[in-house]
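Starting from 1, each residue takes its place in the sequence as its number.
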Amino acid sequence: MEKFLMGEYDIIVVGAGHAGCEAGLAAARMGKKTLMLSINLEAVAMMPCNPSIGGTGKGHLVREIDALGGEMGLNIDKTFIQSRMLNTAKGPAVHSLRAQADKNRYHLEMKKTIEKEPLLDMKQGEVIDLVIEEDRACGVVLRTGAIYKSKAVILATGTFLAGKIFIGDSVFDSGPNGLAPSMELAGKLREYGLPMRRFKTGTPARALADSLDYDKMIPQDGDSEIVPFSFMNDELEKDQIKCWLTYTNEKTHEVIRENIHRSAMLGGKIEGVGPRYCPSIEDKINRFPDRARHQLFIEPEGLDTDEMYIQGMSSSLPEDVQQAFYETIEGLEHLKIVRPAYAIEYDCIDPLDLKMNLENRTIENLFCSGQFNGSSGYEEAAAQGLMAGINAVLKLDGKEPFVLDRSQAYIGVLLDDLVTKGTNEPYRIMTSRAEYRLMLRQDNADLRLTELGYQVGLVKQDRYERFLEKKAAVEQETQRLKRKIISPEAANPLLEELGTAPLKSAQSLHELMRRPEVTYDNTASLDPERPELSRHQKTTMEVEIKYGGYIQKQLAQIEKFKRLENRKLSSDIDYESIKGLRIEAQQKLNNMKPLSLGQASRISGVSPADINVLLIYLEKERRS
């Protein structure tokens with residue numbers, strides 16, 4: 001095949017899913033001429049699985065992406081059709097926003113945003129090889145023979161690499177949603193020595209809305225008060241679409257058990273490892289035989305389609321079995337499947353082969369992101385794409401990497417887990433993975449991260465000024481509430497109405513708001529001179545007041561954590577030369593080259609005794 005040079009860029013992004021979009025936009029907005037390549041432009045910000053953004057833990061990531069200047073939060077605010085805040089019965093650390101998306105509008109709006117970005121070009125083309133010169137990524141080769149040169153390459157291939165779809169006995173090469181897979185590039189990456197592995201994920205069937213009986217299902221409405229994802233939006237109003245809840249039953253389980261031998265997943269046809277936290281329906285029934293039922297959410301895919309997504313029912317069973325078990329479920333007895341459920345297997349990299357800035361350890365200026373790094377989920381992918389885009393720019397500019405630690409962001413938890421600990425299954429973020437989750441709330445993501453985004457050059461002036469305004473407003477109003485004293489005579493009628501104990505002596509509004517029943521809004525009658533605050537400002541202020549004692553304890557824990565994180569380790573250290581380190585620790589530390597003592601302590605195979613040896617070594621180095 002004849003090859004020819006078609007253009008030169010600073011950065012090339014391979015893939016245009018949620019990771020590719022954030023990587024491309026970040027690189028371009030930070031001043032680099034960027035090319036984004038997609039095997040099909042219909043795959044731009046595509047939602048091949050659940051048409052939603054956010055959820056437990058994932059909503060935190062979206063807020064952090066937004067706070068750093070990313071696009072996902074803004075895009076879902078434009079295109080959602082239902083919005084709900086999850087876990088409101090629990091504490092604010094686990095409150096998580098989730099929005100049902102119009103999946104086609106989400107794709108089109110993101111595509112439009114990319115098309116309008118001045119330094120970002122987007123083209124359809126299949127990348128079949130990288131240009132590697134002296135162990136450095138210098139461009140890509142397309143199937144047409146076109147060569148695009150660059151100073152850095154970001155891989156964001158999603159589930160397209162050597163993609164293979166399974167529906168019962170039917171097995172065929174394919175990317176998600178019937179798009180073409182990327183077969184040749186997968187082989188090339190192995191040739192370059194990248195440690196590749198096979199993972200698997202799946203998606204449920206889609207059904208026609210008119211074939212469902214909604215009277216037999218439980219309606220699930222959106223919240224009456226819509227909370228935006230983006231800190232750039234104070235209020236959103238929209239007519240919301242209903243979702244529906246129904247359940248499997250013993251008849252459903254019987255049909256599946258009788259045909260379990262026909263499942264591609266359980267029949268041994270799939271070699272890839274699937275996500276433990278999102279099992280197929282046959283896997284659920286196999287693993288939890290005592291469960292009488294499993295819940296299913298029926299969710300619209302958009303305003304201009306009658307397709308409904310059946311959440312909780314991914315499967316690799318044959319189409320006839322899928323039809324049979326769906327028909328046993330209340331509300332789905334006459335269901336018409338328009339897209340069958342399937343499992344998809346794909347190639348990804350072992351993330352232990354990456355540095356904390358998401359650069360490959362063996363090929364310089366090759367950055368990796370998204371499901372290619374062994375994660376699952378749109379939000380996890382977008383977070384990695386954003387960080388890969390930022391760090392590719394910083395690397396080209398000769399600046400220090402932008403790395404968030406576990407006490408700063410869920411993004412820090414996500415990347416540290418992947419790069420330091422690795423993963424043996426598609427990785428999913430959860431609030432339980434964060435040690436300091438009371439500090440990593442979704443309401444304060446801007447206070448934690450927007451200053452950092454501004455420093456690296458991604459956050460623009462309008463967002464930065466909005467952040468400064470919120471920060472000042474929260475601080476000033478918190479101090480004013482401490483000074484605002486309320487007498488028992490003024491407060492007690494309201495406190496009685498709210499069902500909480502009366503005051504015996506005067507108290508500040510700040511102290512009064514520590515009570516669970518008392519909010520900033522319901523004390524307005526006691527404080528007519530208060531300023532007008534935005535929703536974001538009020539939410540953060542209230543949480544900081546109500547959970548102040550717990551927050552102080554967590555800040556003390558973070559201080560201890562920072563002592564190890566701040567003890568930096570040079571990449572030049574030869575750990576085999578350090579006496580007292582066990583052989584396993586020497587090998588793991590030399591392979592990983594951790595940035596800090598804290599990161600070293602989280603490497604599998606490095607013991608507390610090894611960390612003590614490193615502490616002594618660092619002290620000797622300091623003295624010398």
Side-chain angles (χ1 to χ4, degrees), residues 132 134-137 189-190 192-197 348-369 373-375 384 387-388 391-392 394-395 398-408 411-424 427 433 435 558-624:
I132 307 291
E134 298 179 350
D135 294 327
R136 178 178 294 186
L189 295 178
R190 281 185 160 82
Y192 293 131
L194 271 61
M196 305 296 286
R197 45 170 56 174
C348 57
I349 195 173
D350 184 343
L352 292 176
D353 199 46
L354 304 176
K355 302 175 186 178
M356 282 300 292
N357 67 345
L358 296 180
E359 185 182 15
N360 187 263
R361 291 185 181 277
T362 54
I363 301 176
E364 191 177 358
N365 290 357
L366 178 64
F367 292 80
C368 306
S369 64
N373 289 352
S375 65
Q384 293 172 71
M387 296 299 282
N391 277 303
L394 295 177
K395 176 73 187 294
K399 296 180 180 177
E400 287 296 306
F402 179 55
V403 176
L404 296 169
D405 69 41
R406 302 181 73 89
S407 70
Q408 290 176 296
I411 294 175
V413 174
L414 165 68
L415 297 192
D416 187 56
D417 279 352
L418 286 171
V419 172
T420 305
K421 301 177 182 180
T423 183
N424 293 318
Y427 177 97
R433 296 191 191 272
E435 299 89 337
I558 289 172
E559 189 62 34
K560 291 180 182 178
F561 164 79
K562 290 283 191 183
R563 289 172 196 165
L564 284 180
E565 295 302 306
N566 290 336
R567 299 296 295 272
K568 300 303 180 185
L569 295 170
S570 169
S571 60
D572 297 329
I573 296 175
D574 178 9
Y575 292 94
E576 290 184 8
S577 68
I578 301 177
K579 293 180 180 180
L581 282 179
R582 294 173 308 111
I583 292 175
E584 182 186 9
Q586 290 175 350
Q587 293 172 344
K588 292 284 182 72
L589 289 164
N590 267 335
N591 288 337
M592 181 72 67
K593 294 292 185 184
L595 298 176
S596 67
L597 211 55
Q599 188 185 6
S601 71
R602 294 187 292 277
I603 297 172
S604 172
V606 177
S607 70
D610 295 318
I611 297 301
N612 283 331
V613 171
L614 288 176
L615 277 167
I616 294 167
Y617 167 81
L618 288 175
E619 183 59 23
K620 286 180 178 177
E621 288 292 299
R622 186 186 69 81
R623 290 178 180 178
S624 66

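Around atom CG of Asn424, no more than 12 heavy atoms belonging to other residues, nucleotides or ligands sit under 6.0 Å away. In Glu584, the CD atom is crowded: over 12 heavy atoms of neighbouring residues, nucleotides or ligands sit closer than 6.0 Å. Atom NZ of Lys421 is surrounded by more than 12 heavy atoms from other residues, nucleotides or ligands within 6.0 Å.
The heavy-atom pair separating Pro351 from Gly422 by the smallest distance is CG-CA, 4.3 Å. For the residue pair Asp610 and Ala585, the shortest heavy atom distance occurs at OD2-CB, 3.3 Å. The nearest pair of heavy atoms linking Arg582 to Gly605 is NH2-O, 2.6 Å. When every heavy atom of Ile349 is checked against every heavy atom of Met196, the shortest pair comes out as CA-SD, 4.2 Å. Between Thr420 and Leu352, the closest heavy-atom pair is O-CD2, 3.6 Å. For the pair Leu354 and Cys368, the tightest heavy-atom approach, listed with the atom from each and the gap, is CD2-SG, 3.7 Å.
When side chains are defined from C-beta on, Pro401 does not count as touching Met356, because their heavy atoms never get closer than 4.5 Å. Proximity of Val419 to Lys355: side-chain heavy atoms (C-beta onward) are nowhere separated by under 4.5 Å. Within the 4.5 Å cutoff, the side chain of Leu366 has heavy atoms near those of the Leu194 side chain. Under the 4.5 Å side-chain criterion, counting only non-hydrogen atoms from C-beta, Ile411 is in contact with Leu404. No side-chain heavy atom of Asn391 sits under 4.5 Å from any side-chain heavy atom of Glu359. Between Leu414 and Tyr427 there is a side-chain heavy-atom pair separated by less than 4.5 Å. Under the 4.5 Å side-chain criterion, counting only non-hydrogen atoms from C-beta, Tyr575 is in contact with Leu569. The closest side-chain heavy-atom distance from Leu614 to Leu589 is below 4.5 Å.
Note that CD of Glu364 and CD of Glu134 are 10.5 Å apart. Values are rounded to the nearest 0.5 Å. With rounding to the nearest 0.5 Å, the separation of CG in Asp353 from CD1 in Ile363 is 8.5 Å. Remark: Met592 CE to Asn590 CG distance equals 11.5 Å, nearest 0.5 Å. The OG1 atom of Thr423 sits 8.5 Å away from the CG atom of Asp417 when rounded to the nearest 0.5 Å. Atom-to-atom distance recorded for Ile558:CD1 and Arg406:CZ is 12.0 Å, nearest 0.5 angstrom. Here CD1 of Ile578 is found 5.0 Å from OH of Tyr617. Values are rounded to the nearest 0.5 Å.
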Decide yes or no on side-chain contact (heavy atoms from CB on, under 4.5 Å) for Asp135 and Thr362, but give the supporting numbers first.
CA-CA 7 Å; Asp135 294 327; Thr362 54; over 6 Å; no

Is there a side-chain contact (heavy atoms from CB on, under 4.5 Å) between Asn373 and Leu415 once you walk through the steps?
CA-CA 10 Å; Asn373 289 352; Leu415 297 192; 6.0 Å; no

Yes or no on side-chain contact (heavy atoms from CB on, under 4.5 Å) for Ser604 and Lys588, after CA distance, side-chain angles and deciding distance?
CA-CA 8 Å; Ser604 172; Lys588 292 284 182 72; 4.2 Å; yes

For Cys348 and Arg197, what are the C-alpha separation, side-chain angles and deciding distance, and is it a side-chain contact (heavy atoms from CB on, under 4.5 Å)?
CA-CA 6 Å; Cys348 57; Arg197 45 170 56 174; 3.7 Å; yes

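Between the side chain of Asp416 and the backbone N or O of Gly412, no donor-acceptor pair lies under 3.5 Å. The main-chain N or O of Asp405 is found under 3.5 Å from a side-chain atom of Gln408 such that the two form a donor-acceptor pair. Distance alone, capped at 3.5 Å, is enough to place a donor-acceptor pair between the Gln586 side chain and the Leu581 backbone.
Sorted by first and then second residue, the pairs that involve residues 563-575 and meet salt bridge (charged side-chain N to carboxylate O under 4.0 Å, His left out), not counting sequence neighbours, are Glu565-Arg602.
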